[in-house]
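Report on the structure given below.
In this text the structure is predicted, and so the values were computed from the model without any measurement. Both counts, for ligands and for their atoms, begin at 1 and track the order of listing.
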Amino acid sequence: MNIPNSVTSILRSLEAAGYEAYIVGGCVRDSLMGHQPHDFDITTSALPEETMSVFSDMQVIPTGLKHGTVTVLADGEPVEITTYRVDGDYADGRHPDEVHFTRSLAEDVARRDFTMNGIAYSPMRGLTDHCGGAEDIRRGIIRCIGEPDKRFGEDALRILRALRFSSVLGFDIEEKTADSIRRNRGLLSQVSGERILVELQKLLCGRNAAMVLLAYPEVFAEVIPELAPCIGYEQNSRYHCLTLYEHLVRAAENTPPDEGLRLAMLLHDIGKPLTRSEDDSGESHYYTHAEKSAELAEQALDRFHCSNALKARVCEIIRYHGIVPEDTDKFIRRRLSKHGAGTFRDIMLAHIADDSAKIASAKERIPVWRAIIRRAEEIAADQPCLSVKELAINGKDLLKLIKPSPLMGEVLDHLLNGVIDGRFNNDHDELMRLAEEYIRSK
Ligand code: ATP
Ligand code: MG
């Protein structure tokens, strides 16, 4: 196992003081899978105050004393050291009402969620695997430690953690654990939106995301009720061959693994059931569904207390996913000006993802969407004038021609549109002349 020296020396210091100490959880799991862990958690028989006195000559932060956690800065890197503990009852399904410290590693491991996360390792003591986690990792299986119903009842977030690990690691969920996840999905209503969103984002970016989304639709409808009407929904459209939910999942799968793009694609058509109409031939249409879907997505993301930046990005992608792009410089420059280079690229990636999840002939448009992305990059690289503040004249210049008034904004917009479309040069004298002309015409 590839353990940083700073972590090994913490383990040695605790052992030298007469305590047991191991790395545990995700870092051992990842190491056994041959992945480099992103952080190392230490578990020890030392009580928090004992740990603090062992490291009295180092920087120690009492980050979660109530739960037995102190953080030691080793080579500038924070390492969490948690005392072996047994969690009390979970009255609210979220936090243990109280925790008891113990000197038994076996008892500490029993409170952890899945067998693969219950393995401890120390260079001095070797591997300790009380729950058969190593074998489950070898077979690629996620299995609750103990009775699944009881474990999900204690902390319903574990339901999403199981699905997230299945997506990210490509593991199967053992049958009893899987049945319990489906049965207990209603408990997710007790989990805070923030915690759900963190898991959902990681899950969506996992390599197995589509399989998990398709295997547990009812669980996802529990955390995003707007998805419920999409499950099994026949689109009755010549462009589609999948039910609405399957289309959402396949579209999400066909974006790069980016949380904003994947969230946007999972939600991009959720407004369809509310905007359906039928023509004389009996085919269905969903004329304002992009706008409706953006509205519903905003509502869902608000429940998750999502950051404003992520929400704005996701909703903008959804709102504009239905506008048919044109492969012309004029169209591309206008859109770059409206959305900015990053979000315009997102919107084009959304078109590719959307068409990848429709009937085969829809895929013929994808090379055009790729060409637009490339052309947009070329145009943006030239740093063209795409906003009022990049114009070669400003409000101060206009004051030489008119008094302050709303007309000033109108003049600047007129000039900007002309520059974006390539009708005007972004040249001070030319723009002053055009401004004068425009004002005279008003
Ligand atoms: P990663 O850090 O890659 O997301 P992880 O398994 O390390 O995965 P953490 O949230 O860092 O996840 O938790 C560290 C360890 O704490 C887990 O491996 C597990 O043993 C335990 N753990 C974390 N969350 C829970 C929980 N909700 N219920 C029970 N045990 C948990
Ligand atoms: Mg971790």
Check each atom of ligand 1 against the heavy atoms of [X] and keep those under 4.0 Å away; list them by number with element.
X: F165; answer: 6 (O), 8 (O)
X: R164; answer: 1 (P), 4 (O)
X: G25; answer: 18 (O)

What residue and atom, counting heavy atoms only, is the protein's closest point to [atom], and at what distance?
atom: atom 8 (O) of ligand 1; result: R29 NH2, 3.4 Å
atom: atom 27 (N) of ligand 1; result: D155 OD2, 2.8 Å
atom: atom 1 (P) of ligand 1; result: H38 NE2, 3.6 Å
atom: atom 9 (P) of ligand 1; result: R161 NH1, 4.0 Å
atom: atom 19 (C) of ligand 1; result: D113 OD1, 3.6 Å
atom: atom 15 (C) of ligand 1; result: R112 NH1, 3.7 Å
atom: atom 11 (O) of ligand 1; result: D41 OD2, 4.0 Å
atom: atom 28 (N) of ligand 1; result: R158 NE, 2.7 Å

Hey, is R151 one of the residues with a heavy atom under 4.0 angstrom from ligand 1?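 For ligand 1, residue contact (heavy atoms, under 4.0 Å) with R151 is absent.
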Tell me, please: is F114 in heavy-atom contact with ligand 1, that is, under 4.0 Å?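 Heavy atoms of F114 never come under 4.0 Å of ligand 1.
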Residue [X] excluded, over 12 heavy atoms near [atom1] under 6.0 Å:
X: R345; atom1: CZ; value: no
X: K150; atom1: NZ; value: no
X: E377; atom1: CD; value: yes
X: R183; atom1: CZ; value: yes

Any donor and acceptor pair, going by atom type alone, linking the side chain of [X] with main-chain N or O of [Y] inside 3.5 Å?
X: S56; Y: S53; result: yes
X: R185; Y: R182; result: yes
X: R151; Y: R111; result: yes

Among H289, H351, H247, ring pair (Phe, Tyr, Trp, His ring centres under 6.0 Å) partner for H268: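 Output: one option passes, namely H247.
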Is any N or O atom of [X], backbone or side chain, closer than 3.5 Å to an N or O atom of ligand 1?
X: D30; answer: no
X: D39; answer: no
X: G26; answer: yes

Do NZ/NE/NH1/NH2 and the carboxylate oxygens of D355 and R365 come within less than 4.0 Å?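 Yes, charged N to carboxylate O under 4.0 Å.
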F344 vs H339 aromatic rings, parallel, tilted or perpendicular, using cut-offs 30° and 60°? parallel
